[in-house]
Number of protein chains: 2
Amino acid sequence: MKLLIIEDSVSLRRSLRIGLENLGFTIDETGDGAEGLSMAMTGEYELIILDIMLPSIDGITLLQTIRAKQLDVRVLILSAKQEPEDRVKGLLTGADDYLTKPFSFDELHARLLNLMRRGGLKTISDVIYIDNLALNLQLKLLQVDETVIDLTPNEYKIVECLFSNQNKVITAEKLSTYIAGQYDLVSKNSIEAHLSSARKKVRAAGSELPIQTKRGFGYIIQGK
Amino acid sequence: MKLLIIEDSVSLRRSLRIGLENLGFTIDETGDGAEGLSMAMTGEYELIILDIMLPSIDGITLLQTIRAKQLDVRVLILSAKQEPEDRVKGLLTGADDYLTKPFSFDELHARLLNLMRRGGLKTISDVIYIDNLALNLQLKLLQVDETVIDLTPNEYKIVECLFSNQNKVITAEKLSTYIAGQYDLVSKNSIEAHLSSARKKVRAAGSELPIQTKRGFGYIIQGK
DNA sequence: AGGTTCACTTAAGATTTACTGAAGTTTTTC
DNA sequence: GAAAAACTTCAGTAAATCTTAAGTGAACCT
């Protein structure tokens, strides 16, 4: 069982490492956000203990990136901030648990065990993050930060198809098949209308759908 | 055997602590609801002695939260209120026993021993709480506060399936399989009819089933 | 066996919500 | 600057879902 600790403070990091190693975990650690991210992306950790305040990349962004890449790893957030907004936001973007500093080591231990136990269950995964948009495949809805954008089934399906095919041009025919199945079809104009409506809704929520039109070919979402 | 005392009054807390420590229990204590909750959530306590009137989070809410998280812990409610409503409500939401102030220490001791003895048995567990609804998986019934709502088997199964799959959209086909098994099937319209009836019954009891329709996809219960 | 009850299904009407296609507008391309 | 492609809007139409009520059959009781 391999754990990754991403924590700014050297002393806290050390004491966590020692404590958890004594409990039988294998630990890697770093104090840098970017390094933490690249370590996390190797996929070799079952659980990450993650601080929010970090140099180079903050914890929430790191978490969003991990979740966007669909890594199956549990994340326990550690934070000095006690603002409830942060708590909610952290959990929303896919953390499995949350602990506010200061905390007792026993409490951390108990929560770790708890996370281990419910290991098989995916918690808040199955969300695709692009920019400040989150497409929740479980709930079938799109969020801008915390606000939910209400999409009709076809609007949702178009967005889902493009979100899960980033960096690929998707033709209108593909979208049509995606929406209606192999034996029905939806006109190109219909798709244009749905997409127009979806874009409008996202705009009304203060954001932008990152879907670009490739004139003559189809639509695409360009990853960063 | 570790006990947690969550009690507003410092003097009562102290005297309980001393008395119970003399009887051989290990005690943690707090006077604050929110702190009590986070302590309880560590899962390290076998029994919680819980006051109703508390700063920041009241005892009933705390208890509901603990039960919603499926923690296996016994809870003994302590309350100055003598209104029978509170008594019933406290017990309903998952307390294992109830004591009204003032009480003798011997009486508390006796009740504690009693709770310890029936330790192995899960008492009022296997109940899913959502809003003011309690779905009892053992007794196969749904309660609004104190009143029992009489659901037919299929109505119950639909509600059970959705209650135990919070935050997931459940399709009509899934519900059909859940009701009838893999080799039989129940028409979509039938499910609509059952659900309609269940909703009506809950409405008649003065509440609302928290089941939303995701048009084009299925049904969902959104957790907070 | 006959009668009663209860729950499940089905159907039909009401209601809500979404889809489509057309027409006008804007943008892009050559 | 004209033509093509894509965007936008809207109104009519079409689905999906809700609700109610009536029909059917199984289980239970007497």
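Protein chains get the first letters and strands the later ones, always in sequence-line order, with residue 1 at the start of each. If you're wondering where the values come from, they're calculated on a predicted model, not measured in any experiment.
Within a heavy-atom distance below 4.0 Å of DNA chain D, the residues of residues 197-210 of chain A found are R199(A), K200(A), R203(A). In the region residues 170-180 of chain A, proximity to DNA chain D at under 4.0 angstrom, judged on heavy atoms, holds for none of the residues.
Within 4.0 Å (heavy atoms only), S190(B) reaches at least one base atom of the nucleic acid. Among the protein residues, N154(B) comes within range of the sugar-phosphate backbone only, with heavy atoms under 4.0 Å from sugar or phosphate atoms but none that close to a base.
Note: NZ (K188(A)) to P (dT8(D)) measures 15 Å, nearest angstrom. Taking atom NE2 on H194(A) and atom P on dT9(D), their separation rounds to 15 Å, with Å as the unit. Rounding to whole angstrom units, NZ of residue K214(B) and P of dC18(D) are separated by 14 Å. Rounded to whole Å, atom C1' of dT19(D) lies 16 Å from atom CD1 of I191(B). Per the geometry, CG belonging to N189(A) stands 11 Å off C1' belonging to dT9(D), to the nearest Å. Atom CZ in R215(B) sits about 9 Å away from atom C1' in dC18(D), given to the nearest Å.
The phosphate of dT8(D) (OP1 or OP2) has a side-chain N or O of S196(A) nearer than 4.0 angstrom. Within the 4.0 Å cut-off from OP1 or OP2 of dC7(D), at least one side-chain nitrogen or oxygen of Y219(A) is found. OP1 or OP2 of dC18(D) sits under 4.0 Å from a side-chain N or O of T213(B).
A donor-acceptor pair is defined here as one N or O able to donate and one able to accept, closer than 3.5 Å; such a pair exists between the side chain of S164(A) and the backbone of E160(A). Remark: the backbone N or O of L151(B) is not paired with any side-chain donor or acceptor of K201(B) at under 3.5 angstrom.
Read 5' to 3', the first and last nucleotides of DNA chain C with an atom closer than 4.0 Å to a heavy atom of chain B are dA7(C) to dA18(C).
Counting only residues at least two apart or in different chains, ring pair (Phe, Tyr, Trp, His ring centres under 6.0 Å) contacts with residues 33-60 of chain B are absent.
At least one side-chain heavy atom of R74(A) sits under 4.5 Å from a side-chain heavy atom of E46(A).
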I'd like a table of donor-acceptor pairs (distance under 3.5 Å, sequence neighbours excluded) in which one partner is a side-chain atom from residues 209-216 of chain A, with atom names and distances.
unit_1  : atom_1 : unit_2  : atom_2 : d
T213(A) : OG1    : R199(A) : NH2    : 3.3

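Judged as a ring-ring contact (aromatic ring centres under 6.0 Å, His included), and not counting sequence neighbours, the contacts of F217(B) are Y156(A). Qualifying salt bridge (charged side-chain N to carboxylate O under 4.0 Å, His left out) partners for E192(B), counting only residues two or more places apart in sequence or in other chains: none. Listed by chain and residue number, nothing satisfies the side chain to side chain donor-acceptor pair (under 3.5 Å) test with K140(A) (two or more places apart in sequence, or in another chain). Residues forming a side chain to side chain donor-acceptor pair (under 3.5 Å) with N132(A) (at least two apart in sequence, or on another chain): S207(A). For K157(B), the salt bridge (charged side-chain N to carboxylate O under 4.0 Å, His left out) test picks out no residue, with sequence neighbours left out. Qualifying side chain to side chain donor-acceptor pair (under 3.5 Å) partners for T61(B), counting only residues two or more places apart in sequence or in other chains: D58(B). A search for salt bridge (charged side-chain N to carboxylate O under 4.0 Å, His left out) contacts involving R203(A) returns E208(A), not counting sequence neighbours.
Comparing P153(A) and S187(A) along DNA chain C, the residue whose closest nucleotide (by nearest heavy atom) sits nearer the 5' end is P153(A).
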